[in-house]
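Data block below; observations after.
Chain A is the first sequence line, chain B the second, and so forth, proteins listed ahead of strands; every chain is numbered from 1. Hydrogens, waters and symmetry mates are skipped; everything else that's a heavy atom, side chains included, is used.
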Protein chains: 2
Amino acid sequence: MSTNKNCIVRISRYKNALNRLKALGFVKVFSSNLADATGTSSAQVRKDFSLFGITGNKRGGYNVDDLIEQMNQIFGKHLVHKVIIVGLGNIGKALLRYKGFEKESIKIAAAFDIDSSKFNDNSIVPVYPLEKLSEFIKENEIKLGVIAVPDVAAQQVFEIMKKSGIKGVLNFAPISLNNDSGVVVNNINLEMELENLIYYVIAAEKS
Amino acid sequence: MSTNKNCIVRISRYKNALNRLKALGFVKVFSSNLADATGTSSAQVRKDFSLFGITGNKRGGYNVDDLIEQMNQIFGKHLVHKVIIVGLGNIGKALLRYKGFEKESIKIAAAFDIDSSKFNDNSIVPVYPLEKLSEFIKENEIKLGVIAVPDVAAQQVFEIMKKSGIKGVLNFAPISLNNDSGVVVNNINLEMELENLIYYVIAAEKS
DNA sequence: ACTTTATAGTGATTTTTTTCACATTAATAA
DNA sequence: TTATTAATGTGAAAAAAATCACTATAAAGT
Ligand SMILES: NC(=O)c1ccc[n+]([C@@H]2O[C@H](COP(=O)([O-])OP(=O)(O)OC[C@H]3O[C@@H](n4cnc5c(N)ncnc54)[C@H](O)[C@@H]3O)[C@@H](O)[C@H]2O)c1
Ligand SMILES: NC(=O)c1ccc[n+]([C@@H]2O[C@H](COP(=O)([O-])OP(=O)(O)OC[C@H]3O[C@@H](n4cnc5c(N)ncnc54)[C@H](O)[C@@H]3O)[C@@H](O)[C@H]2O)c1
């Protein structure tokens with residue numbers, strides 16, 4: 001529908017805010033409410049909605065449930081999305097233990113590592129050796145993968161994922177994966193995030 | 001110097017790529033090398049450099065060490081930046097245990113929690129009760145904080161940080177912090193990152 | 001029923017970001 | 001030494017994104 005990257009991120013924020021507002025008992029919202037809750041302008045909210053063909057009522061705002069439903073549609077929330085995690089170190093374990101993914105219809109289907117002490121077939125989320133990765137992805141038609149291995153291993157893991165049919169990757173390793181294929185890669189680089197923060201803090205000090 | 005958000009992120013990526021290229025023995029690089037390594041165009045690389053007044057040699061490319069040095073300057077890498085972490089759960093612990101921050105001159109100075117079983121004055125990075133947060137920030141002139149507490153506690157922690165003089169915050173809680181002040185906030189929302197990935201995977205399927 | 005009013009929706013405008021294209025120049029080759 | 005070449009650096013152009021500003025309209029008030 002839209003091709004604006006920032007717009008997608010904002011829609012996700014609106015959805016997040018809407019769930020909170022709903023919990024507070026809101027039945028309808030105005031574009032300015034969502035703007036305040038997400039730190040943007042009401043015109044931006046309406047423009048974003050317009051790009052996705054989301055409409056409300058002139059003078060009546062938007063119905064919260066309707067909005068949430070439409071956004072769930074955009075993000076495929078009516079289906080459960082199975083995810084696998086490769087690398088069960090600090091980050092991998094943190095994700096595995098996190099309880100918040102279920103309510104976003106994200107299900108961690110399995111984890112993979114090369115450290116045999118981490119293997120476990122019987123836990124809620126099974127942990128398998130890396131050798132089983134390809135097979136598991138194919139058999140379970142997994143589309144989403146998380147890379148949480150050391151940087152030197154990341155490209156190798158990515159190649160296996162690509163070959164096996166993964167369509168989207170969340171990569172925590174601080175390298176840019178060499179990606180010619182159509183696989184979507186989102187990078188999370190925590191060092192870079194802190195660095196970025198430092199840049200703006202330094203810039204603010206100067207002015 | 002520059003005011004373009006994407007540009008800063010790209011500069012950070014160039015720096016990352018440069019360190020890798022240096023490790024491989026590169027002494028000079030061309031804008032196209034950096035473009036390839038970071039997935040952008042050579043014109044973009046040169047334009048970004050131009051915004052920061054970074055110059056190379058016509059026909060000779062750029063000297064790797066010089067570039068790294070200039071970028072370290074941009075990101076204040078000649079100083080050690082002290083960071084505190086609030087919330088020592090899954091994410092907080094993952095960050096605490098991560099060894100990669102030192103080489104980026106980021107030092108975790110202390111962590112804070114409300115769970116007394118986590119307090120520890122004697123570990124390399126001490127863990128204190130939340131009550132000590134404000135005092136610690138002031139006494140040690142901490143400028144950077146990480147919020148890794150549950151969403152309901154995040155705003156409260158943020159308020160303490162603001163009042164005590166923190167200038168930059170990395171927030172992992174999935175809420176938008178109400179931020180009127182001049183504090184810089186970078187949000188990392190892992191659910192949203194996965195959601196975003198799902199959006200693009202769905203979009204790719206349709207086309 | 002009629003008027004007022006507040007908000008949605010959107011085309012037009014402005015601003016920001018990216019890409020283009022080429023003049024400039026330093027290294028290399030002849 | 002001179003010509004050739006391959007890269008930088010940057011204004012100009014194009015594209016993308018955000019903001020503005022106004023119209024349409026549904027709700028609330030009289
Ligand atoms: N922990 C953090 O806070 C943090 C911060 C910034 C970046 N990162 C990055 O995130 C990634 C993960 O970090 P971490 O701290 O969780 O690392 P970690 O060392 O704690 O864990 C890595 C895990 O990957 C496994 N592994 C190694 N090679 C593998 C392979 N080829 N296939 C499958 N598994 C393999 C290891 O056995 C280990 O369990 C790293 O690339 C790191 O640079 C982490
Ligand atoms: N773990 C993940 O993979 C993940 C994924 C997405 C989002 N998040 C978000 O990151 C944040 C942290 O997640 P987590 O999994 O580490 O949570 P967690 O529950 O494991 O840890 C939270 C920690 O914060 C402490 N705490 C609670 N209230 C506090 C307060 N007022 N002051 C100081 N400490 C306090 C708790 O004692 C606990 O140690 C949460 O907001 C969560 O929604 C985490």
Side-chain angles (χ1 to χ4, degrees), chain A residues 1-15 17-18 21 26-71 74 176 196 199-200 203, chain B residues 1-15 17-18 21 26-71 74 176 196 199-200 203:
Chain A
M1 190 84 79
S2 161
T3 182
N4 181 335
K5 224 170 170 251
N6 301 340
C7 170
I8 316 289
V9 171
R10 282 193 302 266
I11 295 270
S12 205
R13 291 218 186 97
Y14 302 149
K15 183 168 74 62
L18 281 165
L21 292 171
F26 278 59
V27 173
K28 64 173 191 177
V29 287
F30 301 125
S31 56
S32 65
N33 298 145
L34 286 171
D36 291 346
T38 58
T40 184
S41 69
S42 63
Q44 182 76 80
V45 173
R46 295 199 302 276
K47 189 61 140 188
D48 288 340
F49 283 6
S50 159
L51 290 173
F52 276 92
I54 294 172
T55 62
N57 312 301
K58 292 235 165 93
R59 197 174 156 153
Y62 304 82
N63 177 283
V64 171
D65 285 329
D66 287 356
L67 274 188
I68 291 176
E69 173 50 28
Q70 288 183 79
M71 294 184 184
I74 291 171
S176 4
N196 196 269
Y199 173 82
Y200 286 105
Chain B
M1 187 86 78
S2 162
T3 183
N4 181 335
K5 224 169 170 250
N6 300 342
C7 171
I8 317 288
V9 172
R10 283 192 302 266
I11 295 272
S12 206
R13 291 218 187 98
Y14 302 149
K15 181 167 74 61
L18 281 164
L21 293 171
F26 278 59
V27 174
K28 65 174 190 178
V29 287
F30 301 126
S31 55
S32 65
N33 299 144
L34 286 172
D36 291 346
T38 58
T40 183
S41 69
S42 63
Q44 183 76 80
V45 173
R46 295 198 302 277
K47 189 60 139 190
D48 288 339
F49 284 6
S50 158
L51 290 173
F52 276 93
I54 295 172
T55 61
N57 312 301
K58 291 242 162 84
R59 193 168 159 163
Y62 303 83
N63 177 283
V64 172
D65 285 329
D66 287 357
L67 275 188
I68 291 176
E69 172 50 29
Q70 288 184 77
M71 293 184 184
I74 291 171
S176 4
N196 197 269
Y199 172 82
Y200 286 105

Of A:Arg59 and A:Ser50, the one whose closest DNA chain C nucleotide lies more 5':
A:Arg59
Give a yes or no answer on whether the side chain of A:Ser176 reaches the backbone of B:Ala37 with a donor-acceptor pair at less than 3.5 Å.
yes
A:Ser41 versus A:Ala35, closest heavy-atom pair with distance:
C-CB, 3.5 Å
Identify the two heavy atoms, one from B:Ser31 and one from B:Val45, that lie closest to each other, and give their separation to 0.1 Å.
O-CG2, 3.7 Å
Counting C-beta onward and ignoring hydrogens, is there a side-chain heavy-atom pair between A:Ile11 and A:Leu51 closer than 4.5 Å?
no
Are A:Tyr14 and A:Leu21 close enough that some pair of their side-chain heavy atoms sits under 4.5 Å apart?
no
First locate atom CG of A:Leu67, then atom CG of A:Leu34, and finally report the distance between them rounded to the nearest 0.5 Å.
6.5 Å
Using 0.5 Å steps for rounding, measure from the CD atom of A:Gln70 to the CG atom of A:Asn63.
9.5 Å
Is there a side chain to side chain contact (heavy atoms under 4.5 Å, CB included) between A:Ile8 and A:Phe52? Walk through the geometry before answering.
CA-CA 10 Å; A:Ile8 316 289; A:Phe52 276 92; 3.7 Å; yes
Scan [X] against the nucleic acid and name what it touches under 4.0 Å (heavy atoms): base, sugar-phosphate only, or nothing.
X: B:Phe49; answer: nothing
X: A:Ser42; answer: nothing
X: B:Gly56; answer: sugar-phosphate

Members of residues 27-35 of chain A that approach DNA chain C, where some heavy atom sits under 4.0 Å away:
A:Phe30, A:Ser31
Residues 6-15 of chain A vs salt bridge (Lys or Arg N to Asp or Glu O under 4.0 Å), sequence neighbours excluded, gives A:Arg10-A:Asp48, A:Lys15-A:Glu104, A:Lys15-B:Glu195
Side chain to side chain contact (heavy atoms under 4.5 Å, CB included) partners of A:Phe30, counting only residues at least two apart
A:Lys28, A:Ser32, A:Asn33
Under 4.0 Å from a heavy atom of chain A: give me the 5'-most and 3'-most nucleotides of DNA chain D that qualify.
D:dA17 to D:dA28
Under the ring-ring contact (aromatic ring centres under 6.0 Å, His included) test, which residues partner A:Tyr62, sequence neighbours left out?
A:Phe49
Protein proximity profile, nucleotides 13-23 of chain C - base contact B, sugar-phosphate-only contact S, no contact -, cut-off 4.0 Å on heavy atoms
----SSB-B--
Report yes if at least one side-chain N or O of A:Tyr62 is closer than 4.0 Å to OP1 or OP2 of C:dG9; otherwise report no.
yes
